[in-house]
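First the structure, in the form of structure tokens, and then the observations on it.
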Amino acid sequence: MSRGDKTQVLEELPAFSRQTQGGIFLAIAGPDRGESVQFRPGRPIYFGSSPECEMALSDKTVSRRHLLALWEGDTVLLRDQGSTNGTFVQGSRFKEIAIGFGAEFKLGRTVIKFLPEEEIVNPEPAEESAFGHLIGGDTKMRQLFKLMQDVATTDATVLIEGETGTGKELIAEEIHNHSHRKDGPFVVFDCGSVPRELIESALFGHVKGSFTGAIGDRRGAFADAHAGTIFLDEIGEMALDLQPSLLRVLDKKAVRRVGSNTYERIDVRVVAATNRDLRAEVAKKSFREDLYYRLAVIRLSVPPMRERGTDIPLLIEWFINRFSTAGKPLKVSPEDLNRLRRHSWPGNVRELRNTIERACLLARGEYINLDDALHEEPTPSLGIRTDLPFKEAKGQLVEMFEREYIEDLMRRHRMNLSAAAREAQIDRKHLRELIRKYDLDPRGKATDADSGE
């Protein structure tokens, strides 16, 4: 697995990234804005106005040796060194405090943020075109397989990003199946399908009588996953005010049931998935930054079907072998194979799988029946697909809206990124990511009038 020479905070997200051991302290406000220092285990650093400090500040309201940062095990501690003006987190002065990635603290007029160091991971493609039940000969998929092999041997938290239907749950399951936890439970928890008022109980459990309807004790998904893996699907759908509870569980490695005063230790590997751009959600303040960093220790981006067209024949053969009801696998005519290759597959692998399954069930003779199985034209009105699961149909509709909205917006503004972002009232980075997501500016001509790009 190859790495770049320079480790840095990533602005443009690659397909695969991971956090290195350590972090960065970055001044985000005050006289020394933009100054930074690397922070590694075993190397305490001082903040202050003395030139002998590892992070020497010109801020005259900062004491000479103002603050110490050090590692104690996996915990980062900040200790005020008896400074004149004190050190503050969220407006509260402290003498010692434990912090995580995304935390901000103030000394004098200077605000400093603690960020993870992230590096691009560029694995060599695996030789095999399969990883467990995952199939793919495309280079991006075989790179994913190689990274999954390496990740599976660790207990690192993994964030899987990708469009609806790309196989994120199967990827999580294969990471579990290839890990030392494979004999333990694999628990799937869909954060978007549980009613908001019940999600804490469903995740962490509750004790009898803790709320109306709690007629008995409940363990919760984390306790059920003890000694195994919990897969938090659609993590981007979790309400903002519920996210601190999840963050505490990840940090403490213990859960407290609703209505209980005691914590229960858990040994769980966490894999999360989302079809949202969580960095954009963080920028919009709709997803906690510290939770994002806690989840994205290893970050995998799954390519959509439109970026792995060479895999279509391979996947068709796999699904036909699986869904052929007779002893002999069904065939695909050359004309049908071309139709399948030309199809846009907005529902990705899941849509292809469902199509081939229908085509096999409706087969006439020795060939699959693609005419009755492939939905090449959207239904009237909004193009809603009622033949798909609700969540998948909703995801396709949202993607259709995003594509048409951004395409028309950028055309009217002649690919001027800043002007388009102002009219749409969205962050420029988020708009740029949407343009790239839907390949609406393949020549890279989107300009930013404010920044001179």
Side-chain angles (χ1 to χ4, degrees), residues 19 23 72-77 89-90 97-103 114 116 151 154-160 168-169 172-173 175-176 179-181 184-208 210-211 214 217-274 276 278 281-282 286-299:
Q19 296 170 11
E72 283 198 359
D74 294 330
T75 303
V76 176
L77 294 180
V89 167
Q90 295 181 344
I97 194 171
I99 63 168
F101 293 130
F114 183 45
V151 167
T154 74
D155 273 336
T157 305
V158 180
L159 177 64
I160 306 170
K168 298 185 290 294
E169 181 176 336
E173 189 170 5
I175 289 175
H176 170 76
S179 74
H180 67 90
R181 298 176 177 270
F186 177 74
V187 175
V188 178
F189 186 89
D190 190 337
C191 300
S193 64
V194 180
R196 187 178 181 279
E197 63 274 12
L198 298 178
I199 195 166
E200 285 191 281
S201 169
L203 270 175
F204 314 130
H206 64 249
V207 296
K208 181 180 178 180
S210 56
F211 55 86
D217 290 349
R218 178 175 182 173
R219 283 169 52 81
F222 269 93
D224 288 341
H226 182 72
T229 302
I230 187 169
F231 175 55
L232 302 175
D233 198 11
E234 303 297 352
I235 189 67
E237 307 302 319
M238 179 174 282
L240 190 63
D241 61 337
L242 297 175
Q243 294 173 21
S245 298
L246 176 59
L247 183 63
R248 281 194 295 271
V249 171
L250 297 179
D251 287 340
K252 289 179 175 290
K253 296 181 174 59
V255 295
R256 187 178 67 180
R257 300 187 191 189
V258 177
S260 174
N261 294 321
T262 60
Y263 280 90
E264 176 186 352
R265 298 293 297 178
I266 52 168
D267 174 22
V268 174
R269 201 247 181 96
V270 176
V271 180
T274 180
R276 292 175 178 261
L278 284 193
E281 298 298 313
V282 168
S286 58
F287 197 87
R288 287 182 64 106
E289 185 176 24
D290 47 4
L291 179 56
Y292 170 78
Y293 289 133
R294 189 64 183 80
L295 293 170
V297 177
I298 305 289
R299 197 190 127 273

| query | Does any non-hydrogen side-chain atom of Val249 lie less than 4.5 Å from one of Tyr263? | reply | no

| query | With side chains defined as the heavy atoms from C-beta onward, is the minimum distance between His180 and Asp155 less than 4.5 Å? | reply | yes

| field | Carboxylate-amine/guanidinium proximity below 4.0 Å for Asp233 and Lys168 | value | no

| message | Can you tell me if Asp241 has over 12 outside heavy atoms packed within less than 6.0 Å of its CG? | response | yes

| message | Among residues at least two apart in sequence or on other chains, which ones pass salt bridge (charged side-chain N to carboxylate O under 4.0 Å, His left out) with Glu281? | response | Arg276, Lys284

| Residues that Asp74 engages under salt bridge (charged side-chain N to carboxylate O under 4.0 Å, His left out), provided they are two or more places apart | none

Closest non-hydrogen atom pair between [X] and [Y], with its separation:
| X | Y | answer |
| --- | --- | --- |
| Arg257 | Arg219 | NH2-CG, 4.0 Å |
| Thr157 | Leu295 | CG2-O, 3.4 Å |
| Ala227 | Arg181 | C-NH1, 3.5 Å |
| Val271 | Ala172 | CG1-CB, 3.7 Å |
| Ser260 | Val207 | CB-CG1, 4.0 Å |
| Ala225 | Ile230 | CB-CB, 3.9 Å |

| Stepwise, does the side chain to side chain contact (heavy atoms under 4.5 Å, CB included) test hold for Phe231 with Glu173? | CA-CA 8 Å; Phe231 175 55; Glu173 189 170 5; over 6 Å; no

| said: My understanding is that only residues two or more places apart in sequence, or in another chain, count here; which of them pass side chain to side chain contact (heavy atoms under 4.5 Å, CB included) with Arg218? | reply: Ser201, Ala202, His206

| Phe101/Phe114 aromatic ring centres below 6.0 Å | yes

| task | Go through the steps for Phe222 and Leu246 under the test side chain to side chain contact (heavy atoms under 4.5 Å, CB included), then give the verdict. | result | CA-CA 10 Å; Phe222 269 93; Leu246 176 59; 3.7 Å; yes

| task | Go through Lys253 and Asp267 one step at a time and tell me if the side chain to side chain contact (heavy atoms under 4.5 Å, CB included) criterion holds. | result | CA-CA 7 Å; Lys253 296 181 174 59; Asp267 174 22; over 6 Å; no

Counting N and O atoms only, with roles assigned by atom type, does the side chain of [X] sit under 3.5 Å from a partner on the main chain of [Y], one being a donor and the other an acceptor?
| X | Y | result |
| --- | --- | --- |
| Glu234 | Gly192 | no |
| Gln243 | Met238 | yes |
| Gln19 | Tyr293 | yes |

| Which residues pass the ring-ring contact (aromatic ring centres under 6.0 Å, His included) test with Phe186, sequence neighbours left out? | His176

| task | Just jot down the ring-ring contact (aromatic ring centres under 6.0 Å, His included) partners of His226, sequence neighbours excluded, or say none. | result | none

| side chain to side chain donor-acceptor pair (under 3.5 Å) partners for Glu197, two or more places apart | none

| said: Given Leu232, which partner from the list Val188, Val270, Val187, Leu159 fulfils the side chain to side chain contact (heavy atoms under 4.5 Å, CB included) test? | reply: Val270

Output the distance between atom [atom1] ([X]) and atom [atom2] ([Y]), rounded to the nearest 0.5 Å.
| X | Y | atom1 | atom2 | result |
| --- | --- | --- | --- | --- |
| Leu291 | Leu247 | CG | CG | 5.5 Å |
| Arg256 | Thr262 | CZ | OG1 | 9.0 Å |
| Leu250 | Lys252 | CG | NZ | 12.5 Å |

